[in-house]
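Just so we're clear, the structure is a prediction, and the values are computed from it rather than from any experiment. Residue numbers start from 1 in every chain, and the chains themselves are labelled A, B, ... in the order their sequence lines are given, proteins ahead of strands.
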Protein chains: 2
Amino acid sequence: MEEQIQKILKHNQLSVTGGRTKILELFLAQDDALAHADIERKTGEKFDRVTVYRTLQTFLEKGIIHSIPTADNSVKYALCKDNCSEGHHHDHHVHFMCSVCGKTLCIDEVSVPVVNLPAGYKVEQIQMIVTGVCKDCA
Amino acid sequence: MEEQIQKILKHNQLSVTGGRTKILELFLAQDDALAHADIERKTGEKFDRVTVYRTLQTFLEKGIIHSIPTADNSVKYALCKDNCSEGHHHDHHVHFMCSVCGKTLCIDEVSVPVVNLPAGYKVEQIQMIVTGVCKDCA
DNA sequence: ACAAAACTTGCAACTCTGTTGCAAGTTCTT
DNA sequence: AAGAACTTGCAACAGAGTTGCAAGTTTTGT
Ligand SMILES: [Mn+2]
Ligand SMILES: [Mn+2]
Ligand SMILES: [Zn+2]
Ligand SMILES: [Zn+2]
């Protein structure tokens with residue numbers, strides 16, 4: 001794991017620091033998406049708030065993580081499993097928010113369906129957020 | 001219009017006040033979704049920030065407006081055209097965000113497609129947000 | 001292995017968004 | 001017209017996110 005993390009950081013031309021290593025480790029160990037506050041909590045306040053913001057920002061820009069728009073307008077982040085890079089995300093999967101446990105999940109198996117808009121609209125990106133009860137809470 | 005506004009407010013058991021009338025008027029006159037800040041700007045700071053928040057909250061609860069989750073996690077609101085009520089929204093249309101003019105639009109003509117999730121997930125609500133170039137900016 | 005260059009971090013200060021309690025004001029009911 | 005019910009503005013606050021800067025760490029080149 002330690003090794004995998006270094007590889008990811010170096011591959012993205014990022015210096016290997018304690019904060020980045022720890023935060024990336026959290027993402028790799030987690031099955032659901034993380035909010036900024038989750039990260040602060042899970043690192044045991046070991047890093048400054050600002051460092052967490054900047055790290056997430058950097059990871060986003062490099063395409064290591066993607067942000068997830070949620071129905072309640074809170075921001076969550078999850079690892080990109082799809083080999084995304086510098087501003088070119090191409091994970092087109094559905095996102096699921098469980099109303100029982102509150103987890104936000106990437107449903108990698110399901111891609112966002114194509115949709116036909118009225119003439120004149122040019123589609124660049126489609127996001128789909130499903131709310132309901134996840135399989136652990138059913 | 002004045003008359004229509006009073007009818008909407010009374011139908012929802014809301015007292016007719018200056019603030020509510022003005023804000024509802026804005027929504028009726030607007031073709032795209034409004035953010036809190038837009039409303040403050042357009043009312044010429046005639047009402048307190050808190051009143052605007054409380055009015056939006058009330059309109060949401062009554063089903064007069066619905067909130068729109070945007071890809072950049074800012075909150076926008078638009079009129080419900082679909083006869084929604086107290087916590088029972090049933091506008092299932094696609095939302096569009098133009099990356100040129102920044103407008104957020106309800107595409108009432110297009111409903112959100114059904115999606116099949118893996119076994120065990122129970123779907124309650126689906127939101128679809130399309131980003132691209134709108135027909136005015138094409 | 002070392003020094004210099006390049007980058008990252010923590011801190012302080014600040015802005016912006018949203019919330020709450022309360023008293024004064026307005027609207028609705030009779 | 002008066003009282004009850006509801007709405008508003010104010011002040012105070014909490015939380016989220018941003019920025020500049022100096023000190024600290026990582027990287028690179030020798
Ligand atoms: Mn995802
Ligand atoms: Mn809409
Ligand atoms: Zn769940
Ligand atoms: Zn446009």
Closest approach of A/Arg20 to A/Ser15 (non-hydrogen atoms, all atoms of both residues): NH1-O, 3.1 Å
query: Taking for each residue the nucleotide of DNA chain C with the nearest heavy atom, is it A/Val52 or B/Ala37 whose nucleotide lies nearer the 5' end?
result: A/Val52
task: Would you check if the side chain of B/Asp38 reaches a backbone N or O of B/Ala35 as a donor-acceptor pair within less than 3.5 Å?
output: yes
Could you give the side-chain donor-acceptor pairs of residues 96-123 of chain B under 3.5 Å, partners two or more places apart or in another chain?
unit_1	atom_1	unit_2	atom_2	d
B/Ser99	OG	A/Glu124	OE1	3.3
B/Ser99	OG	B/Gly132	O	3.2
B/Asp108	OD2	B/Lys81	NZ	3.0

field: Distance, rounded to the nearest Å, where B/Ile5 contributes CD1 and C/dT27 contributes C1'
entry: 17 Å
message: Reading DNA chain D from 5' to 3', where do the contacts with chain B start and stop? Cut-off is 4.0 Å to heavy atoms.
response: D/dC6 to D/dA11
query: Do the side chain of A/Lys62 and the main chain of A/Asn12 share a donor and acceptor less than 3.5 angstrom apart?
result: yes
message: Can you measure A/Arg49 atom CZ to C/dC14 atom C1' for me and round it to whole angstrom units?
response: 11 Å
- prompt: Of A/Thr51 and B/Ser15, whose nearest nucleotide on DNA chain C comes first from the 5' end?
  reply: A/Thr51
query: Can you name the nearest heavy-atom pair linking A/Lys42 to A/Lys22, along with the distance?
result: O-CE, 4.5 Å
query: Tell me: CG of B/Asp48 to C1' of C/dT20, nearest whole Å?
result: 13 Å
query: A/Arg54 near the nucleic acid: base, sugar-phosphate alone, or nothing, with a heavy-atom cut-off under 4.0 Å?
result: base
task: Could you tell me which non-hydrogen atom of A/Leu79 sits nearest to which non-hydrogen atom of A/His66, and how far apart they are?
output: O-CE1, 3.3 Å
query: Residues in side-chain hydrogen bond (donor to acceptor under 3.5 Å, both in side chains) with B/Glu25, at least two apart?
result: none
- prompt: Touch check for B/Arg20, heavy atoms < 4.0 angstrom, all strands: base, sugar-phosphate only, or nothing?
  reply: sugar-phosphate
query: Restricting to pairs with a member in residues 19-41 of chain A, which pass ring pair (Phe, Tyr, Trp, His ring centres under 6.0 Å), not counting sequence neighbours?
result: A/His36-A/Tyr53
query: What pairs with B/Thr51 under side-chain hydrogen bond (donor to acceptor under 3.5 Å, both in side chains), at least two apart in sequence or on another chain?
result: none
- request: Take the C1' atoms of the five end pairs on each side of the helix from C/dA1-D/dT30 to C/dT30-D/dA1, get both axes, and report the angle to 10 degrees.
  value: 40°
field: Atom-pair distance (CD on B/Gln57; P on C/dT17), nearest Å
entry: 17 Å
message: In whole Å, I'd like the distance from the CZ atom of B/Arg41 to the C1' atom of C/dT17.
response: 15 Å
statement: Atom CD of B/Gln13 and atom P of C/dT27 are separated, to the nearest Å, by 19 Å
